[in-house]
Undergrad: 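One structure coming up, written as structure tokens, with questions to follow.
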Amino acid sequence: MEKISVTIIALNEEKNIGDCLESVKWADEILVSDSGSIDSTVEICGRYGAKVFNDGWRGFGAQKNLLGDRAVNRWILNVDADERVTPGLKEEILKAVEAGGKAGYCMPRKNFFGGRWIRHCGWYPDYNLRLYRKDRGRFIERAVHESVKVDGDTGRFKNPLEHFTYRDVSDYLTRMERYSTLAADEMHGRGKRAGAFDMMVRPAFTFFKMFVLKRGFLHGADGVMLSMLYASYTLAKYAKLREKMGR
């Protein structure tokens, strides 16, 4: 029977990691790359028999590839500490791995904000390729918004991966500061530039896309809030890119 290795990167995830590990404890191997947690993350991982590695930070894609290279099994399931594999998804994964025939599989994500499932705003089904054959797939090593690229056909699951992404607005704003900087660094490295158009039109379109085109208005005030927060993120990353240009 085919075996599965689960890979997780973590930093101070004591509030999330237990539920994540509980949802994947059926896997044949669990590997965690911890980049310097000072809470009980490592201790919790030990309770589940996970192999924990203390690694310096290399970036999201590179960190996940580092763990993938260490995996002993052919199939790799990558999850984040704030994600949960639902029972239905587990069954689909096991059946797909046993059947073979694909290089990887995408799964829908149910994204939660402050404990509330956000069905619109472009947040669902939010397909992500997370199950892949080690010899056929690898993460693209981007600073942020990394994804798996596979050599071969892919399939899709019906059951979701649950993603408890932001605890509250303060959590979003804290992470926005980091992610917008990483995004600006990446764009600057690719030679991209930012002008008045980018800082005026792109944030406005982000709001329009999420609130109108992706039907965020169906969430009422929450839809307004999320669409505005993501518009603010878009403004922040282009404003930071503008700064890096020396203007």
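Computed from a prediction, not measured in an experiment: that's the story for all the values here.
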Undergrad: Does NZ belonging to Lys209 count more than 12 external heavy atoms closer than 6.0 Å?
TA: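 Atom NZ in Lys209 is not packed in, count stays at 12 or less.
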
Undergrad: For Lys25 and Glu22, what are the C-alpha separation, side-chain angles and deciding distance, and is it a salt bridge (charged side-chain N to carboxylate O under 4.0 Å, His left out)?
TA: CA-CA 5 Å; Lys25 65 182 182 181; Glu22 183 68 26; 2.5 Å; yes

Undergrad: Check this for me: does any side-chain nitrogen of one of Lys158 and Glu92 sit under 4.0 Å from a carboxylate oxygen of the other?
TA: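 Judged by the 4.0 Å cut-off on N to carboxylate O distance, Lys158 and Glu92 do not form a salt bridge.
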
Undergrad: Measuring from atom CZ of Arg109 to atom CD of Glu83, what distance do you get when rounded to the nearest 0.5 angstrom?
TA: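 Arg109 atom CZ to Glu83 atom CD measures 5.0 Å (nearest 0.5 Å).
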
Undergrad: Determine whether more than 12 heavy atoms belonging to other residues, nucleotides or ligands lie under 6.0 Å from atom CZ of Arg215.
TA: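 12 or below, so no.
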
Undergrad: Please list, one pair per line, the donor and acceptor atoms closer than 3.5 Å that link side chains of residues 196-205 to other protein atoms, with sequence neighbours excluded.
TA:
from, atom 1, to, atom 2, distance (Å)
Asp198, OD1, Arg202, NE, 2.5
Asp198, OD1, Arg202, NH2, 3.3
Asp198, OD2, Gly195, N, 2.9

Undergrad: Test question: given the 4.5 Å side-chain rule for I, L, V, M, F, W and Y, name all other residues clustered with Phe139, or answer none.
TA: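 Answer for Phe139: Ile76, Leu129, Tyr132, Val148, Val150.
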
Undergrad: Ignoring hydrogens and angles, tell me if any N or O in the side chain of Asn111 forms a donor-acceptor pair with the backbone of Ile118 under 3.5 Å.
TA: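 Checking the backbone N and O of Ile118 against the side chain of Asn111, no donor-acceptor pair under 3.5 Å is found.
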
Undergrad: Between Arg47 and Glu43, does any NZ, NE, NH1 or NH2 come within less than 4.0 Å of an OD or OE carboxylate oxygen?
TA: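 Judged by the 4.0 Å cut-off on N to carboxylate O distance, Glu43 and Arg47 do form a salt bridge.
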
Undergrad: With a 4.0 Å cut-off on N to O distance, would you call Asp222 and Arg116 a salt bridge?
TA: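 Yes.
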
Undergrad: Is the closest side-chain donor-acceptor distance between Thr41 and Glu14 under 3.5 Å?
TA: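 Distance-only check fails for Thr41 and Glu14.
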
Undergrad: Decide, yes or no, whether a salt bridge links Lys240 with Glu177 under the criterion of side-chain N to carboxylate O below 4.0 Å.
TA: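 Result for this pair is yes, salt bridge flagged.
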
Undergrad: Find out whether Tyr105 and Thr154 are in side-chain contact, i.e. whether some heavy atom of one side chain is under 4.5 Å from a heavy atom of the other.
TA: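 Answer no - side chains too far apart.
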
Undergrad: So do Asp126 and Tyr124 actually touch side chain to side chain, heavy atoms under 4.5 Å?
TA: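 A side-chain contact under 4.5 Å is absent here.
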
Undergrad: Looking at Phe112, is its backbone amide N or carbonyl O close enough to the side chain of His163 to form a donor-acceptor pair, meaning the two atoms are under 3.5 Å apart?
TA: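 Not a single qualifying donor-acceptor pair exists.
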
Undergrad: Please check this pair: side chain of Thr206 against backbone of Ala231, looking for a donor-acceptor N/O pair closer than 3.5 Å.
TA: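 No, Thr206 side chain to Ala231 backbone: no donor-acceptor pair under 3.5 Å.
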
Undergrad: More than 12 non-hydrogen atoms from neighbouring residues, nucleotides or ligands closer than 6.0 Å to CZ on Arg142, yes or no?
TA: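 Enclosed.
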
Undergrad: Distance-only, no hydrogens or angles: does the Asp34 side chain make a donor-acceptor pair with backbone N or O of Gly36 under 3.5 Å?
TA: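 Between the backbone of Gly36 and the side chain of Asp34 there is a qualifying donor-acceptor contact (under 3.5 Å).
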
Undergrad: How long is the span from the OG1 atom in Thr86 to the CE atom in Met107, to the nearest 0.5 Å?
TA: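 Reported value, rounded in 0.5 Å steps: 9.5 Å.
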
Undergrad: Return yes when atom CE of Met176 has more than 12 non-hydrogen atoms of other residues, nucleotides or ligands closer than 6.0 Å, and no otherwise.
TA: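 Enclosed: over 12 neighbouring heavy atoms sit under 6.0 Å from CE of Met176.
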
Undergrad: Is Lys64 paired with Asp69 through a side-chain N to carboxylate O contact shorter than 4.0 Å?
TA: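 No, this pair does not count.
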
Undergrad: Kindly determine whether Ile9 and Val32 satisfy side-chain contact (heavy atoms from CB on, under 4.5 Å), including the steps that lead there.
TA: CA-CA 6 Å; Ile9 63 173; Val32 178; over 6 Å; no

Undergrad: I'd like to know whether CZ of Arg119 has more than 12 heavy-atom contacts from other residues, nucleotides or ligands below 6.0 angstrom.
TA: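 For Arg119, atom CZ is not crowded (no more than 12 foreign heavy atoms under 6.0 Å).
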
Undergrad: Do the side chain of Arg167 and the main chain of Phe164 share a donor and acceptor less than 3.5 angstrom apart?
TA: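 Side chain of Arg167 to backbone of Phe164: no pair is present.
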
Undergrad: Check whether any side-chain heavy atom of Asp153 sits under 4.5 Å from a side-chain heavy atom of Lys102, and report yes or no.
TA: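 Counting from C-beta outward, Asp153 and Lys102 do come under 4.5 Å.
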
